[in-house]
Amino acid sequence: MAYVLGVDVGTTRTTAAVCRLDGAREAEIALVVPSFLQLTDAGTFSVGEFGTPGWTATGFARRVGDAVPLSLGPETCPAEELTALLIMWVIGEVVAREGEQPRHVAVSHPAVWGPYRRGQLYAALRAVGVHDVTLVPEPFAAAENHAVRSRVVPDSSLAVFSLGSHAFSTSVVRRSQNRTFDLVNHVEGVDHHTGADFDDLLAALVRSRLGKDGVVSVAECEAAKRAFGPSVVISGIEITRDEFVEEIRPSIDHLVSTFTRALGAVQPDAVLLVGGGCRMTAIGDALSAAVDCRVLAEAAPEHSVAKGAAVAARLVVLGPESEPEPIETSVLVHTREASLRFPVGEIAHPDDDEFTAPPPRPPVDVSPLELPPRRVKRVASVLKPAGRRSGSRSDSKYDDEDGR
């Protein structure tokens with residue numbers, strides 16, 4: 001069955017979603033793998049396992065366009081080259097499962113990227129044989145994923161609150177009359193706490209009860225934070241939800257204040273929660289108290305960008321004219337009363353948002369720099385998978401919150 005592919009390369013995890021061309025417009029998760037590339041002793045690269053320090057690269061997608069390469073053992077690799085290799089490997093894995101090539105690929109990227117960084121990634125992708133690709137800003141992808149479920153009329157605005165394990169950003173996008181999204185405002189967090197910091201705060205809270213000789217697993221804290229009930233037990237210590245929320249309240253207030261400043265005078269129709277850090281209900285509750293609109297998240301907000309990229313790829317292939325307007329469907333809503341409810345409807349729309357506003361596959365506004373063919377071609381031929389890979393969910397300690 002013909003399909004398109006959306007890929008979101010995060011700092012800790014890479015997610016791929018497929019969207020069928022002859023079925024429902026909503027995307028489905030096809031692959032989740034840790035964003036690790038390890039250089040082996042044999043001179044090959046493996047994907048998905050963190051190996052010897054100094055021989056494993058992670059977080060490289062955020063460094064695309066950086067003139068300083070990453071050092072892996074005896075090799076030096078530009079960040080865009082590693083990003084392209086990982087995307088190439090992901091496409092290969094999905095093709096092996098689907099039995100055919102995708103009709104088009106959309107890759108998400110941070111909203112702050114300009115022509116130079118986009119050109120660098122385009123060139124790196126071409127060097128490894130990935131040609132039919134569109135680059136989509138992350139907040140646009142999140143908005144496209146939302147538009148699959150809810151009617152988004154022209155001139156309406158959406159706020160995107162993105163909180164991952166290592167990055168925070170907030171954006172405001174507006175749907176134009178030609179059914180594309182425009183970026184109204186964007187703030188990239190610098191000194192804000194993110195998901196990994198919240199893990200550390202929970203670990204410190206447990207350690208304070210254990211004493212100076214207590215040993216706490218940060219991975220255990222991360223898992224407990226995502227599944228927080230009225231209380232959790234970590235290393236034999238019980239921590240209540242209220243205790244944890246009190247510990248992280250200053251950090252949440254800082255995030256929300258930055259978000260409200262980014263909104264300015266804009267009154268959004270909805271706030272979209274993106275990234276695994278938004279699984280914490282305290283985030284949605286704090287935002288609900290700060291804005292007079294719905295605050296929405298999927299059950300797995302860390303997948304929203306990849307799914308939205310797949311929707312954008314479908315629009316590139318089919319165009320907006322073939323996409324009927326949607327109506328409200330099931331989404332998770334945080335209310336001001338800190339409760340959760342599920343407005344339920346029917347999916348009667350594929351969103352007609354075409355990503356041609358910059359054009360889907362532009363004439364790139366800069367002449368992309370071609371990568372030296374030396375290592376890219378050699379590495380591409382020897383890139384091998386390592387470790388387990390999951391289809392609709394990720395595994396073990398690497399099931400980090402969002403990767404961005």
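None of the values given here were measured: they were computed from a predicted structure.
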*Measure from the side-chain N and O atoms of Arg117 to the backbone N and O of Val64, and report whether any donor-acceptor pair falls under 3.5 Å.*
yes
_Under 3.5 Å, is there a donor on one side chain and an acceptor on the other for Glu298 and Asn145?_
yes
_Pair Arg20 + Glu28, salt bridge at N-O below 4.0 Å_ = yes
_Treating Arg118 as the side-chain partner and Leu135 as the backbone partner, does any N or O pair qualify as donor plus acceptor under 3.5 Å?_
no
*asked:* For Ala300, is there any backbone N or O sitting under 3.5 Å from a side-chain donor or acceptor partner on Arg279?
replied: no
*Given Asp8 and Thr15, is the side chain to side chain donor-acceptor pair (under 3.5 Å) satisfied, shown in steps?*
CA-CA 5 Å; Asp8 176 35; Thr15 306; 5.1 Å; no
*Of all the heavy-atom pairs spanning Ala16 and Leu5, show the shortest one and how long it is.*
CB-CD1, 4.0 Å
_Donor-acceptor contact below 3.5 Å, side chain Ser304 vs main chain Pro301_ = yes
_Evaluate Ser35 against Thr14 for side chain to side chain donor-acceptor pair (under 3.5 Å), listing each step before the verdict._
CA-CA 5 Å; Ser35 299; Thr14 294; 2.7 Å; yes
*To the nearest 0.5 Å, tell me how far Ser288 OG sits from Arg294 CZ.*
11.5 Å
_If I compare all heavy atoms of Thr194 with all of Leu163, which pair ends up nearest, and what's the gap?_
CA-CD1, 3.8 Å
_Donor + acceptor pair across side chains of Ser169, Glu188 (<3.5 Å)_ = no
*Would you check if there is a donor-acceptor pair between the side chains of Glu138 and Ser108 at a distance under 3.5 Å?*
no
_Taking every non-hydrogen atom, the tightest pair across Ala203 and Cys221_ = CA-SG, 3.5 Å
_What I want to check is whether the side chains of His104 and Thr134 have a donor and an acceptor closer together than 3.5 Å._
yes
*Can Arg149 and Glu26 be said to form a salt bridge (Lys or Arg N to Asp or Glu O under 4.0 Å), step by step?*
CA-CA 8 Å; Arg149 298 167 177 77; Glu26 188 171 356; 2.6 Å; yes
*Mark yes or no for whether Arg241, through its side chain, and Phe228, through its backbone, hold a donor-acceptor pair below 3.5 Å.*
yes
*Scan Ile283, Leu273, Asp285 and name whichever one has a side chain to side chain contact (heavy atoms under 4.5 Å, CB included) with Val295.*
Leu273
*Just by modelled atom types, is the Asp182 backbone N or O under 3.5 Å from a matching donor or acceptor in the Arg174 side chain?*
no
*Glu243 side chain vs Thr240 backbone, donor-acceptor pair below 3.5 Å*: yes
_Where Phe168 and Phe161 come nearest, the two heavy atoms and their spacing_ = CE1-CE1, 3.5 Å
*Run through Val216, Leu205, Val218 and flag the one making a side chain to side chain contact (heavy atoms under 4.5 Å, CB included) with Asp200.*
Val218
*So, does Thr76 use its side chain to make a donor-acceptor pair with the main chain of Leu72 at under 3.5 Å?*
no
*Could you walk me through whether Phe244 and Phe198 pass the ring pair (Phe, Tyr, Trp, His ring centres under 6.0 Å) test, one step at a time?*
CA-CA 9 Å; Phe244 179 55; Phe198 291 131; 7.1 Å; no
*How long is the span from the CD atom in Glu220 to the CG atom in Asp199, to the nearest 0.5 Å?*
11.5 Å
*So, does Thr44 use its side chain to make a donor-acceptor pair with the main chain of Thr40 at under 3.5 Å?*
no
*asked:* I need the minimum non-hydrogen distance between Arg314 and Cys19, along with the two atoms involved.
replied: CD-SG, 3.3 Å
*Polar side-chain atom of Glu100 near backbone of Met1 as donor-acceptor pair, under 3.5 Å*: yes
*According to the interplanar angle, ranging from 0 to 90°, do the rings of His192 and His254 count as parallel (below 30°), tilted (30 to 60°) or perpendicular (above 60°)?*
parallel
